[in-house]
Novice: 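Once you've had a glance at the structure underneath, I'll fire off some questions.
Because the structure is predicted, anything quoted here is derived from the model rather than measured. Numbered from 1 within each chain, the chains take letters A, B, ... in sequence-line order.
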There are 2 protein chains.
Amino acid sequence: MTTPLPKKLVRGSTSGVAIMAVFDLLGRKWNMRIMWELNTASLSFRALQEQCDGMSPSVLNTRIKQLTEAKLVYTTSEGYKLTELGLSLMNTLNPLRDWAAEWEEEIKQ
Amino acid sequence: MTTPLPKKLVRGSTSGVAIMAVFDLLGRKWNMRIMWELNTASLSFRALQEQCDGMSPSVLNTRIKQLTEAKLVYTTSEGYKLTELGLSLMNTLNPLRDWAAEWEEEIKQ
DNA sequence: ATAGTCCGCTACGAAATAAGTAGCGATTGT
DNA sequence: ACAATCGCTACTTATTTCGTAGCGGACTAT
C-alpha cells in the first residue's frame with residue numbers, strides 16, 4: 001500500500017534543488033564537451049564546431065544560447081569564452097580528468 | 001585555407017581521450033541523477049524510479065544496464081548500489097553541489 | 001489452491017532532441 | 001569586383017526519450 005507514482009510531475013527538471021538544474025544542463029549532449037573545449041581556449045563558432053568532432057551547427061547554436069543564458073559562456077569579438085561562473089564550474093569539474101583515467105584502466109578488462 | 005571538416009567521424013564519442021567517454025556517459029539524461037540518488041541510498045528499481053521524478057521504466061532499465069556495463073553500479077538482493085568506482089566518481093562530483101548553490105544565486109537576477 | 005498484490009522489467013507507438021546538409025547575408029582578403 | 005570564409009538559420013532525417021500497458025514471477029491472504 002505504498003503511495004502510487006504521482007500521475008504528473010515536472011520531470012527531469014529543477015524540482016527543488018539547485019543541483020537538479022545542473023544535472024539538466026550538463027546532462028545534455030555536448031554541453032560538458034563545449035565547456036571543456038572553451039576552458040582550454042576561447043574559440044570561434046567554426047573552431048568550436050571542429051573541436052567538438054564536427055557537431056552540427058544547429059545544435060551548437062542552441063547550446064551556445066543555453067550556456068549563455070546560464071551565464072557560463074559569453075561572446076566576444078575573438079570568439080566564445082567562459083564567464084567567471086563557467087570557469088569556476090570547470091574548476092570543480094577538473095578532477096574528472098584524473099578519475100576518467102583511472103576508470104579507463106579499470107574498465108578495459 | 002584551414003582544413004575542411006572531415007566528412008565522417010565517430011561523433012560525440014570516445015575519440016582519443018578517456019574524458020570524452022565520461023562526457024558520453026554523463027552527458028546523457030538521467031545518468032548523473034541516478035548516480036546521485038544511489039549515492040544517497042541503495043534503491044530498488046521502483047524506488048529509484050520514484051526518486052527520479054517517475055522517469056520511465058524503459059529508460060531507467062537501459063540506464064542501469066549502461067551504468068552496470070561501465071562498472072559504476074551493480075545489483076544486489078537489496079537493490080542497486082554504487083561500486084567502488086561509482087563511489088569515487090560521486091566523490092569527485094561532490095563539489096558540484098556547492099557550485100550549484102552559488103550558481104543559483106548568481107543566475108536568479 | 002486460488003486470487004490478489006506488488007515487483008522487475010519489456011514492448012511499442014508518440015513526442016522530443018540531435019544530426020546532416022544547404023545556403024543566406026555579412027565580412028575579409030586579393 | 002570576386003572569391004573565400006564566417007556566424008548562423010532552415011529544413012529534413014535519424015536517434016533518443018517518454019508514456020503507457022502489461023507479462024511472468026514472488027509473496028500473501030483467503
Novice: Suppose the criterion is salt bridge (Lys or Arg N to Asp or Glu O under 4.0 Å): which pairs have a residue in residues 70-90 of chain B, not counting sequence neighbours?
Specialist: B:Glu78-B:Lys81
Novice: What are the two closest non-hydrogen atoms of B:Ala100 and A:Ala18, and how far apart are they?
Specialist: O-CB, 3.6 Å
Novice: Is the phosphate of D:dT9 approached by A:Lys65 (side-chain N or O, under 4.0 Å from OP1 or OP2)?
Specialist: yes
Novice: Quickly work out the B:Phe45 CZ to D:dG24 C1' distance and round it to whole Å.
Specialist: 15 Å
Novice: Write out all pairs satisfying salt bridge (Lys or Arg N to Asp or Glu O under 4.0 Å) with one or both partners inside residues 57-66 of chain B, taking only residues at least two apart or from two chains.
Specialist: none
Novice: With a 4.5 Å heavy-atom cut-off, do A:Asn39 and A:Asn91 have their side chains touching?
Specialist: no
Novice: Could you list all N or O pairs between the protein and nucleotides 27-30 of chain C that sit under 3.5 Å apart?
Specialist:
none

Novice: Taking atom P of C:dT17 as reference, at what distance in whole Å does atom CE of A:Met55 sit?
Specialist: 15 Å
Novice: At a cut-off of 3.5 Å, list every protein nitrogen or oxygen paired with a nitrogen or oxygen from nucleotides 11-17 of chain D, distance to 0.1 Å.
Specialist:
residue	atom	partner	partner atom	Å
D:dT16	OP1	B:Arg28	NH2	3.4
D:dT17	OP1	B:Arg63	NH2	2.8
D:dT17	OP2	B:Arg63	NH2	2.9

Novice: Restricting to pairs with a member in residues 31-87 of chain A, which pass ring-ring contact (aromatic ring centres under 6.0 Å, His included), not counting sequence neighbours?
Specialist: A:Trp36-B:Phe23
Novice: Expressed in angstrom and rounded to an integer, what is the separation of B:Gln49 atom CD from D:dA21 atom P?
Specialist: 14 Å
Novice: Could you give the CZ-to-P distance, from A:Arg46 to D:dC6, as a whole number of Å?
Specialist: 6 Å
Novice: Rounded to whole Å, how long is the line connecting atom CG of A:Asn61 with atom P of C:dC24?
Specialist: 18 Å
Novice: Does any pair with a residue in residues 93-102 of chain A pass side chain to side chain donor-acceptor pair (under 3.5 Å), and if so which ones, sequence neighbours excluded?
Specialist: A:Trp99-B:Ser88
Novice: Between P on C:dA18 and CG on B:Asp24, what's the gap in Å once rounded to a whole number?
Specialist: 14 Å
Novice: If you take all heavy atoms of B:Glu37 and B:Cys52, which pair is closest and at what distance?
Specialist: CG-SG, 4.1 Å
Novice: Starting at atom CD of B:Glu78, determine the distance to atom C1' of C:dG8, rounded to an integer number of angstrom.
Specialist: 16 Å
Novice: Side-chain contact test, heavy atoms from C-beta onward, threshold under 4.5 Å: evaluate it for B:Leu85 versus A:Trp103 and give yes or no.
Specialist: yes
Novice: Would you mind reading off the distance between A:Leu60 atom CG and C:dT17 atom C1', rounded to a whole angstrom?
Specialist: 15 Å
Novice: Donor-acceptor pair, distance only, cut-off 3.5 Å: does the side chain of A:Arg33 make one with the backbone of A:Gln51?
Specialist: yes
